[in-house]
2 protein chains.
Amino acid sequence: MPRKSRIRAGSGVTLHDVGQAAGVSAITVSRVLHTPDKVSEALREKVLAVVEQLGYVPNRAARHLASARSHTVLVLIPSLSNTVFIDTLAGIEEVLQPAGYQMLIGNTHYDAAQELQLLRAYLEHSPDGLLLTGLAQSAEFSQLLARHRLPAVHMMDLTADGRDCVGFSQEDAGRAMCEHLLARGRRRIAFLGAQLDERVQKRLDGYRAALAAAGCHQPARELLDPRPSSMQMGADMLDALLAAQLDCDAVFCCNDDLAIGLLARCQQRGIAVPGQLAVAGFNDLAPAAWTTPPLTTIATPRHDIGRIAAQQLLARLRGETTRPACIDLGFALQHRKSS
Amino acid sequence: MPRKSRIRAGSGVTLHDVGQAAGVSAITVSRVLHTPDKVSEALREKVLAVVEQLGYVPNRAARHLASARSHTVLVLIPSLSNTVFIDTLAGIEEVLQPAGYQMLIGNTHYDAAQELQLLRAYLEHSPDGLLLTGLAQSAEFSQLLARHRLPAVHMMDLTADGRDCVGFSQEDAGRAMCEHLLARGRRRIAFLGAQLDERVQKRLDGYRAALAAAGCHQPARELLDPRPSSMQMGADMLDALLAAQLDCDAVFCCNDDLAIGLLARCQQRGIAVPGQLAVAGFNDLAPAAWTTPPLTTIATPRHDIGRIAAQQLLARLRGETTRPACIDLGFALQHRKSS
DNA sequence: TTGTACGCGTTATCAT
DNA sequence: ATGATAACGCGTACAA
């Protein structure tokens with residue numbers, strides 16, 4: 001039966017072509033490339049030379065189809081404009097790239113419904129595994145995961161419910177910052193929150209716990225806005241705080257963006273930091289060290305979170321890991337002059 | 001011949017399965033999904049119902065293999081830690097996602113050799129097209145592109161040499177900033193450069209042209225460091241500037257990061273900005289509006305660059321475009337209090 | 001150690 | 001408008 005010529009996918013050179021040119025079968029070429037130990041050295045060298053000469057490029061689609069493994073990992077993050085998650089991506093890339101895995105990035109926009117839609121859409125790529133942000137996926141999401149038997153590692157937070165996770169305790173970090181402010185003699189501490197995703201909620205929990213323990217929790221001092229965080233919002237929140245006459249001596253911002261905007265507004269309004277008001281942020285982004293005054297904040301190991309989470313997922317994919325892993329990478333309080 | 005059961009790739013439901021359940025052939029199901037016009041309404045509805053019921057998920061790998069189109073675009077950016085390129089990614093995603101294209105991201109680390117390696121590696125995915133940063137790819141890179149007949153759109157800069165590009169004139173932007181400083185009465189203007197990639201070089205060209213035209217160019221006032229840019233480096237560069245006693249009345253930083261670090265150091269050392277020294281940055285990142293004093297800088301349309309570049313590439317892929325496109329999105333000088 | 005036969009899920013081609 | 005058949009390039013299973 002004549003082989004009808006069709007449009008080729010890649011450069012045109014196939015395993016078969018390489019095999020012919022080297023005087024071996026296609027499968028031998030495949031073995032030279034993937035399991036060189038199983039091929040005699042003579043053939044190996046010959047084949048490799050031809051591979052080089054012909055500029056052979058493997059075809060991932062064919063490989064995927066034949067092996068039922070896509071060598072692809074789906075990474076779901078809430079936002080592309082937040083450096084925190086980008087740093088995590090960099091850590092992930094550092095591990096996946098050398099391992100021959102491709103990362104597919106999905107932006108959930110902090111929305112569980114969009115997260116579910118993304119999973120549905122990306123299922124077409126049949127990823128071998130998932131890296132997720134946080135623990136608050138929807139029930140349908142989890143069912144879909146289970147149905148497709150997809151291993152997943154959750155990043156940025158911790159849980160003991162049996163899911164793999166790599167991160168740190170958001171609540172402990174929130175508490176630690178408040179204990180620091182308390183230790184500096186502050187009692188009237190406000191909490192400024194934006195976005196109000198699960199991580200901010202847990203930092204808020206930590207804030208409440210610490211202040212309650214010190215007997216100085218006042219719900220009126222919690223300023224919460226569900227809209228996306230921004231420096232402008234931080235500046236506005238300082239105005240709101242003053243307008244409400246809440247008589248604060250410290251503010252704990254749920255992230256550095258708010259804190260940076262708030263610090264700038266303090267400068268403009270002539271409010272002495274930390275004299276009149278101590279200011280604290282969260283994440284230790286690059287600008288935090290360069291504000292006036294430099295910002296006290298929580299340094300988070302987001303790059304390592306990505307790195308280790310990717311390693312953990314690869315271990316699962318290789319079947320090396322059995323028990324659920326819960327890897328706590330901790331956090332560090334960066335005490336600077338704003339407190 | 002008995003069909004041996006093997007491991008399935010996706011959820012397990014195939015076009016064939018859907019077809020059987022609906023009493024049609026696999027190809028009809030395919031048509032219902034991709035070219036519904038070519039199928040009778042009765043069948044269409046029936047098939048769609050079964051697709052829904054069985055939870056059919058198309059298999060991209062098989063589609064790719066059979067159609068020689070991967071619906072995948074390779075995006076090469078120099079860095080993940082620079083917000084500029086992340087914003088571009090967001091713009092790209094905004095266009096590719098709804099169009100059913102998957103973006104693969106490669107990080108070149110500002111290195112042409114790595115860029116070439118990435119292209120080689122990603123060729124396995126046989127991307128349908130490329131989105132590149134800048135114009136300075138290696139000769140081998142371009143040959144590889146040509147050999148595989150891959151359409152590419154260059155981002156961030158302009159050229160009239162026949163390659164598709166979307167961006168703005170880096171040199172004009174550098175010149176514009178210097179003309180602004182000159183117009184404010186400054187004559188002893190320093191240039192601080194880091195990374196020294198092609199874009200920084202062009203901004204430097206613009207700086208030189210503007211100052212030469214005004215008759216006040218002094219090469220000694222160019223501080224260039226090939227290492228990656230950082231706020232720390234900006235602070236260090238102010239120290240270096242003062243140590244060298246170059247007697248400057250303005251500094252043009254090649255990006256906002258340098259400028260932010262430099263401004264902070266000015267605060268620490270009690271240097272009045274803009275009184276003693278005017279300071280300018282480049283890119284208009286979020287923190288630029290919140291420094292003390294707020295930073296004069298060049299706002300760059302990076303989000304739109306990503307968006308339009310992706311659209312241009314899609315047009316090429318559809319064969320709609322013929323002549324090379326060179327799309328100038330311009331830039332805007334943000335005059336703030338630092339100058 | 002090397003090769004043969006076949007299937008992975010889809011689309012292109014051609015026939016009806 | 002719908003279907004039959006082959007082909008995409010590779011890896012698995014099994015044979016030699």
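Here is the naming used below: chain letters follow the sequence lines, and residue numbers restart at 1 for every chain.
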For atom CG of B/Asp37 and atom P of D/dA1, their distance in whole Å
10 Å
Please state how far atom NE2 in B/His64 lies from atom P in D/dA7, giving the value in whole angstrom units.
19 Å
Within this structure, what is the CG-to-P distance between A/Asn59 and D/dA7, rounded to whole angstrom?
18 Å
Can you tell me if the side-chain N/O atoms of A/His34 get under 4.0 Å from OP1 or OP2 in D/dG11?
yes
Quick one: does B/Asp157's side chain have a donor or acceptor within less than 3.5 Å of a partner on B/Thr159's backbone?
no
Rounded to whole Å, please give me the gap between CZ in B/Arg69 and C1' in C/dA12.
14 Å
Need to verify one output field. Residue with the more 5' nearest nucleotide on DNA chain D, A/Arg60 or B/Val39?
B/Val39
Picking from C/dC8, C/dT2, D/dT2, the nucleotide nearest the side-chain atoms of A/Leu65 would be C/dC8
Residue B/Thr14, side-chain atoms from C-beta onward, closest of D/dG11, C/dT10, D/dA1:
C/dT10
Between A/Ser138 and A/Ala112, is there a donor-acceptor pair closer than 3.5 Å when you use the side chain of the first and the backbone of the second?
no
Any residue of residues 21-31 of chain B with a heavy atom less than 4.0 Å from an atom of DNA chain D:
B/Val24, B/Ser25, B/Ile27, B/Thr28, B/Arg31
Geometric class of the B/Phe85/B/Tyr110 ring pair [parallel <30°, tilted 30-60°, perpendicular >60°]
perpendicular
Check: B/Asp128 side chain, B/Val73 main-chain N or O, donor-acceptor pair, under 3.5 Å
no
Can you check the B/Gln20 CD to C/dG9 C1' distance for me, whole Å?
14 Å
Could you tell me how far apart B/Leu15 (CG) and C/dG9 (C1') are, to the nearest whole angstrom?
7 Å
Does the B/His109 side chain pair with the main chain of B/Asn107, one donor and one acceptor, at a distance under 3.5 Å?
yes
Among C/dT11, C/dT1, D/dC10, the one nearest any side-chain atom of A/Ser40 is C/dT1
Please tell me if A/Ser67 has a side-chain N or O lying less than 4.0 Å from either OP1 or OP2 of C/dC8.
no
Hey, is CD on A/Glu320 packed in by over 12 heavy atoms from elsewhere, all under 6.0 Å?
yes
Which donor-acceptor pairs under 3.5 Å do side chains of residues 19-39 of chain B form with protein atoms, sequence neighbours excluded?
residue: B/Ser25; atom: OG; partner: B/Thr28; partner atom: OG1; Å: 3.2

Atom CZ of A/Arg63 to atom C1' of C/dC8: distance rounded to whole Å?
15 Å
C/dT2 C1' sits how many Å from A/Lys38 NZ, rounded?
12 Å
